[in-house]
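Here is how names work: the chains are called A, B, and so on, in the same order as the sequence lines, proteins then strands, and each is numbered from 1.
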Amino acid sequence: MKLVKPAAALLSIVLLAGCWDRLELNELSITAATAVDWDEKQQWVVSYQVVIPSAISGAMGNMKGGASQSPIIVYSTHGPTIRGAIQQSTFESPRKLFFSHNRVVVVSAEAARRGLEPLIDSYLRNSESRETVDVLVTEESARSILRQLMQIQTIPGEGIYETLRTENRLFSALPSVNMYELALQLLGSSHNAVIPEILISGTPEVTNNQMMGNTSLPSKLRLGRLAVLKEGKLAGWLSQDEALGVAFLRNKVERTNISAPCKATEPTLETSVRVERADTKITPVRRGDELTLQARIVANGTLLETNCSLDLEESEALRQLESQVRQRIIEVVRSGYSATQQLQADVIGLADRVHRKYPKLWHEVEPDWAARYAQIPLNLQVEFTLKRVGLSTKSFKKQFGQEED
Amino acid sequence: MRSGLTVAECMAAIIMIIMPTAYLIVPTAVLDFAAQDAWISTIAATAIGGGIAAWLGWFAGRNGDGESFLNWLSGRSGRAIAFAGGLLLAFHFFSHASRALNEYISFLKVNVLPTTPNAVLIAVTVLLAMYAVGQGIVTIARICFLMMIATVGIYTATIVLLYSRMHFSYLQPIGEKSIGHIAAGAFTPVCWMSEAAIILLIAPFMAKPRQAPRAVIWGVLLVGFMMMFIVLEALMLFGPNVVKFLQYPSFELISVIQFGGFLERIDMYFIMFWMVTVFLKISLLLFGAVHCLEQTFRVRGGRQLILWAIGLLLTLDASFSWPENFEMEIEAFAKNVSLIIFNILVPFVLWLASYLKLGRGSKKAEEGRT
Amino acid sequence: MRGLGIRLPFLKRRDHSGRRNGGGGNGGGRGPGGPSLSRQLQANLNAIRRELGDSSDLTIRLIRDDSGRVLAAVVYIDGIVIFDTINQMLLSPIMERVHELSSGRSSLSAADMRALLEAGTIQLGRVRETYDLSHLIEELLTGSTIILSDGSSVAFAAATRGGEKRSVDEPSSQTVARGPKEGFTEDVQTNISLIRRRIKSPLIRVENRLLGKHTKTVTSVVYMKGIAREEVVEEIRRRLSRIEVDSILESGYVEEFIQDEVWTPFPTIQNSERPDAIAAGILEGQVAIVVDGSPFVLLAPVTFVKFFQSSEDYYQRFDIATFLRVIRMVSFFISMLLPSLYIAITTFHQEMLPTPLLISLAAQREGVPFPALIEAMLMEVTFEVLREAGVRMPRIIGPAISIVGALVLGQAAVQAGLVSAAMIIVVSFTAIANFVIPALNMAIAARLIRFAMMLLAATLGLFGIMSGVMILLIHLVSLKSFGVPYMTPLAPLKISNLKDVLVRAPWWLMKTRPSVISTEDRVRQAPGLKPGPPKDRGERGS
Amino acid sequence: MQKIVQYELAAGIFLVQVGSSPLFLLAKPAGRDAWMSVLLALLAGLLLLAAVTLPIYRREPDSSLAELLLAYLGKWLGGAVTAAYMVYFAYQSVRNVREFGDWMLMYLLPTTPLGFVALVMMAVSAFAVYKGPEVFFRVALLIAPGVTLMYGLLYGPIFFSDLFRPEELQPALEHGLRPVVMAALPTVVSFPFGEMVLFLMFLKYGGRSSLTSRTTLLTFLFAGLLIVAANVLLIGVLGPLADTSVIPLLQSAGLFKMVERLDPIVLLLLFVGVFMKQTAYYLAAVLCMAQLTGAKAHYFIVPVGALIYLGALGFRSYMQQVSVGFKYNLVYHFPIFEVAVPIVLLAVMLLRSPKASAMGE
């Protein structure tokens, strides 16, 4: 037992020697969002949206008088590589950049065209930057996205993240793609990936706190289209409807809203249905070396609104409604699929499935997969059941009509 | 009843000597060779490892009456063999302890404490290990038992939390990799499982040394099972291609967990538990080295002296033998082979020696004992 | 007697041994080789006065026969004897008999005196004869009355111990919501009677011994034969007999002398003021050590888990008891680790905090000058000072001071921007969690370790805490209390004992005693005692 | 022996009868005169009760419907009819579970899966069945006053406020008597009023007191009148809207100023009603199986429960369940069990009364 005393002595000496990794909370600059641009001088421009804690939690206002200071500040640095650019920040920031709470990475279209490999590598390599950040792409400069303020959510970075999550949950057209999912898609057999787009609608940009006073802002942050990446580089865009079709094919639809006409003949969309569950099974089918894509979607939902004069208690009327909705879903899915075919980008994971189902065939097909994908026909089956019609048994139009005759 | 180690505690010790650094290195090694069939190679490795463990357990179980391994050996096969065997084993345990310390420190530097100097980390760990060895193997084994329960709990927690993100389709096409790849994949886990050779030293401390085989076989099977789990989780979460890309997939797994608004970025909790298991591993290895030296040089009472000497040596060795990165591949292979040599070949030779010289050695032992 | 070797230590030894005989370290009726009594009564009385330095409370009553000649003397120290028993039981009967006897002879012989005593005139219980002065003095000092007769060298010591005793009232430290309200007092007899009244079994063994040269405190070892382990009792006897010290004023002295491990914050001997807790311990195979002059009775051997079992757990229903015990266990770890975890997470691993929490903490710490460790230390020390002040203050305002003080100070510190609000919450919650632990000595252990953990956390973050926990674990698992491993039901796993560790199994399930402390036959309850209404409660919807 | 006190029996009958029926507009085809056809159906039900159901009970006061069937119709035929009754009771329970599940989804928990809501309902009912009829009726006694008070609170103010426009009821009998009778007889008789056959299973626990049949009649009448009043109110308040809305009472509750946005509370009222009905049928089905096979009731709780649960989820959508219920069951299936078989049983009992009654003892 003589060992204890010397061991304790040594341990205490070690402790007194100091603490290396200590970083007080007030020595941190918490970044809520990061933006990556590629400027004309062939340099990476990395901008950070840094949160000012005291401005946000007014509760501790006694310290700073709570002057309406803007909750975030944005500054950017240039550098040959991404990490190089980030190191530049030490020249101007009094505090150490802290990326763990970073929610969103916005990449400019220019940088995306150049390829996202360096960004993914820097995120997966460092333990400090989490790979569960969401990736978004934007047409104009990513830096301007960061500067834009939001009304409901004080921290815009969080706001974008929440908007994407809610959209994903309630409409499921634009999937939320985080860094490791992006890597997963790019390293998949097809080397293609999809990222949602974010843009500022309206001008001028809202960048100072005073403007937050009025009830509606001149410009807002909005989710836009769906960007398609081929071999890690930006190849094209998909509209929201096409994005919904792709979401159906990728079986990523949690809940969405479909509006359909009363009859195939009338174009105007009169009925609105909320799709509550949609399971998609896509399997490549091989005949000889001809490949067709067999897709089967089983979905059900609730009727939200209809303007066709129907008595919903009769099953005939229900069947008519269901068929219209089914027709509409088929249109959406086909438009999405053909859009990806035009871009020759297999984003629905067909390559992986072919690789898994027909390994041998895959090795032959792999080299010119993009071209082959463009030719593969889609054989689509959709089943839709209307579970509930809400609180009234007849459409108001019918009741209205009946009253007259 | 004699206050010795129960089977469960001994099994826990076996698990704790293999699992910690294996948790870090095995997934990458196995996945490099047999991408999406890696879990098959872990099953193969467990089978082979189980066989080796059975033999080691049987060999350890034969000296029933609690006399320390090397004394028993010298009694059976002559002092020279025991002396050489003791030295070799001591060197092996020492070098392996320093390697484990190296990997542990390099992981900590990357993930946990980037700017703390190595010397401090090594000093704290070695001091702790020396304190543990000072308290004796019985204490270490009991703590191993407690930590085993905690580790099993954590594994199930990870599975539950990650279940929603797993895609079974990443495992297909099963069997695409050739048998050669799968076998190559199985090599590293088998080397790591051979560390169960420490049962030779622990068995005499057991309440009923006869049950050594049961303990070590169960230990190796559980380790194999855990390894398979990690590999499966990594495969099903990241898919074969991304996993090759990551250096520490088992920790990457945990950093991806997102559950509810608040349960995010919780990999630090898992690293905390994993650190304790590494302390245990290094103290077990240090115990091996000290025990062997003590037995070979018949040093009664000099335990403290040996302990301090070995501790100092370990600190120096670990901090200076910092391998340059570029020869990592050869280095890793060489170390695996050394594991095989010392954990399987040396005990085999010792067994052979004790078997051949059975006539002269055991007669003396017989007289000695009656 | 040993040879006259001139080695210095030997010299010291002889003097040592000399003193031992004089001091009568181990009491009892013997006392060989001391100065023996003389036949003259006066000489003996002078010797007693000389020995006791003529202290004023020494009273000598001379008994004269009709002719005024001194026949005998009754000597006692006023204050520590029960005076009226001496009067009725001793003096008056002797006086009467003396008149009858003294009609003829001039001096009473020892035989006459002894006949007098045996004749029952003196109805006192324990009467012992002594031959030598030192033992007589000893008896005198422990409250007996000495009867000396002229012309005989034999003295009689009658046990008339008395003196003011505190009456049995509620224990001050371990109060319980439900359970007996009786607490031990300072008198060892009362304490043992309290135990005996609870365990009316012939197996109870009480072994007394006198400890301390000057104090001669009566220390009794109480255990149940056949239930407590023989080797444990033997070990306790051996350790007690090693104690050679001037004074034993409180059981704390004894505890420090006989404990297993010196360098450990964790107590290896349990103490309690509640007779029911001690009785429960004895019934489970533990050995109780009752020290005269202290209401705290020691219980050994003890395991880590026993400190979290308050006696109330066994009086409440098992589900409440289990709930309380879980809270105790959790609060032990909170009181030990919470501040260090707070420091480690806020200064080393900030990514573990959810974003809103991180921002609010960062805002709070904006103006705070000190790093987290100093801030934590500052608040911890303040709380310890306040708590100590609360205890030292007179009974009424004590608790008020500590609570009010804590609140006011905390609030002011936050206002002044010296400390962040979150730190106040953490530190005060830890302090309160510490009160939950039933055994005071375990609570103090947690408080000591907390400081060490904070230091480790401040230098190495979670890595530091983990090594601290590891050291603690190794130390605890290697600790033994009288041969019983300290972490018994958990470390060396005893599945059957787990029923009373984190969970208090219902009574009808507690068939066996904990196996480690008690001997082999552990059944203490008939099987199948599960309560329930009579079987056929009216057939259900038949 | 299970014993049900008179009041408990009355409460049970009231709750099962009232249950969820006042929430619906019954006899929709009769349009504005729906309340008349409900009144007519009430009288028909009264006749059925007094002439058929109660006499059966009075002849054999301490044996349930299943025992009677087995005793009088012989082992094989009786067994088959009892099994049929078990299926009838189970199916009634299925309809209630599904209906309540869909309302819950429509109103309170739009995104919770139907299966889960139904499971919770079934678990609660299973627990009630496990405790037996005595406890079930005692619970009914506890709940009945609350339900009546709630209905009173809802209907009272609406009746006396300007919301209720009696003129909506005019012109009465605009299309003559035929639609009123046509609407009343098959459907409304079998839906709320024909369900008294269920109580043939429970009356035996009422003890032999002569009051039992009197309480049954009185409670039935009271409940029936309450339903008629509800219908009058619905037509009065909602007018043309009455037949379009799925749960008219909830609509009207919403309109009333003081009682705005209390729909969830009204839904709780609904919960109690549906729960009592569903559990009563579940209990009846379990008792049927128990008496059919002679085994103890516990064994059948889970299988019958599972049967009901799967049945409830069997329907493709809510509208299918409603249409199947109103078009087929009420018109063809239920009258057989509620009218035809009891009459046949009564006839057989009268014919073979001496021998059978001896065996019945």
Between A:F98 and A:Y48, does the ring centroid distance fall short of 6.0 Å?
->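 Between A:Y48 and A:F98, which both carry aromatic rings, the centre distance is not below 6.0 Å.
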Just by distance, with hydrogens left out, do A:Q49 and A:T34 show a side-chain donor and acceptor under 3.5 Å apart?
->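 Absent: no donor and acceptor within the cut-off.
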Return yes if a side-chain donor-acceptor contact under 3.5 Å exists between A:N178 and A:Y123, otherwise no.
->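 A:Y123 and A:N178 do not have a side-chain donor-acceptor pair below 3.5 Å.
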Can A:R95 and C:E366 be counted as an ion pair, charged N to O under 4.0 angstrom?
->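 A salt bridge links A:R95 with C:E366.
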Taking side chain as everything from C-beta outward and backbone as N, CA, C, O, which of these in [X] sits under 4.5 Å from a heavy atom of chain C? Side chain, backbone, both or neither.
X     : result
A:I52 : neither
A:L23 : both
A:E27 : neither

